[in-house]
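Report on the following structure.
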Amino acid sequence: MPNVPMVGVFDTAFHQTMPKKAFLYGLPYQYYENYKVRRYGFHGTSHSFVSKRLAEFLGLDINNSKIIVAHLGNGASISAVKDGKCVDTSMGLTPLEGLVMGTRSGDIDPAIMEYVAKKENLDIAGIMNVLNKKSGVQGLSGKSSDFRDLEEGMNAGDERCAAAVEVFCYRVAKYIGSYVAALNGVDAIAFTAGIGENAGVVREKVMEYLGYLGITLDKAANGVHGEEKVISTPDSKVKVAVIPTNEELAICRETVALVK
Ligand code: AMP
């Protein structure tokens with residue numbers, strides 16, 4: 001198709017505004033210089049779309065706002081967005097860093113890799129396979145990476161399913177807390193993607209941890225599935241909302257803007 005313009009929309013692009021202090025690892029500097037080892041982040045199309053939509057939906061001025069987006073799907077990441085620009089995000093050089101995910105471990109002590117490699121007689125590829133495909137809530141529960149199954153298990157008294165959900169929510173809450181520090185405050189928080197849009201139990205558990213910010217949950221509103229809705233009470237100091245992501249629409253918009 002020689003006459004058709006081709007556009008690449010990079011999922012890392014939105015995170016390029018992160019300052020050096022957020023994207024550098026505590027590694028020998030030459031790895032950054034020589035191999036470009038740094039934090040890039042992912043789900044950028046979604047974090048960009050949802051942060052803008054949240055500001056619109058709540059009537060906030062995006063250019064004067066502190067927003068945290070929790071993109072919780074099978075892959076999951078959080079971002080801190082100041083005045084419409086990303087200042088930090090939880091995924092790194094690869095999508096393995098950060099939250100506990102469907103099958104990814106997220107943050108771990110890197111020394112675990114050597115310890116388990118010796119115990120299980122695994123090479124680097126074997127370890128990476130475990131961390132990407134056999135860990136997360138799937139590895140913890142031994143049952144499923146899908147929160148519908150985990151909720152079912154939890155309600156039936158399965159302790160490992162319950163632990164998987166608790167570990168997932170606790171990690172999300174800790175990241176949000178650290179991004180409140182990064183932003184020196186927060187105006188609004190959005191939940192998005194498969195879990196964020198549908199799993200009321202996850203939203204409720206995460207918001208319980210955030211009570212110290214003056215956040216209170218509107219339990220009735222939290223019954224929402226896949227539609228835009230404020231789920232904090234009117235007197236909550238920080239607004240919390242479900243904002244369905246739409247990466248396809250965001251990619252279309254970027255494409256139109258570029259080829260026009
Ligand atoms: P995503 O990667 O954004 O498509 O999200 C997929 C994940 O969302 C699934 O693996 C489930 O864990 C979760 N999910 C989807 N629908 C529901 C639902 N109705 N209730 C709870 N979790 C859901």
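Just follow the structure's listing: the first ligand is 1, and inside any ligand the first atom is 1. Side chains included, hydrogens not; waters and symmetry mates left out as well; all remaining heavy atoms used.
Near ligand 1, G73, N74, S145, D146, F147, R148, A193, G194, I195, N198, A199 each place a heavy atom less than 4.0 angstrom from the ligand.
No more than 12 heavy atoms of other residues, nucleotides or ligands lie within 6.0 Å of CD in E114, so this atom counts as exposed by the packing criterion.
The backbone N or O of N132 lies less than 3.5 Å from no partner atom in the side chain of S135, so there is not a single donor-acceptor pair. Counting only distance, with no hydrogens or angles, the side chain of K134 and the backbone of L131 share no donor-acceptor pair below 3.5 Å.
Follow the hydrophobic side-chain contacts under 4.5 Å out from F49 and you reach L60 in the same cluster.
By the 4.5 Å heavy-atom criterion applied to side chains, I78 and V172 are counted as neighbours.
A donor atom on one side chain and an acceptor atom on the other are found under 3.5 Å apart for T233 and D235.
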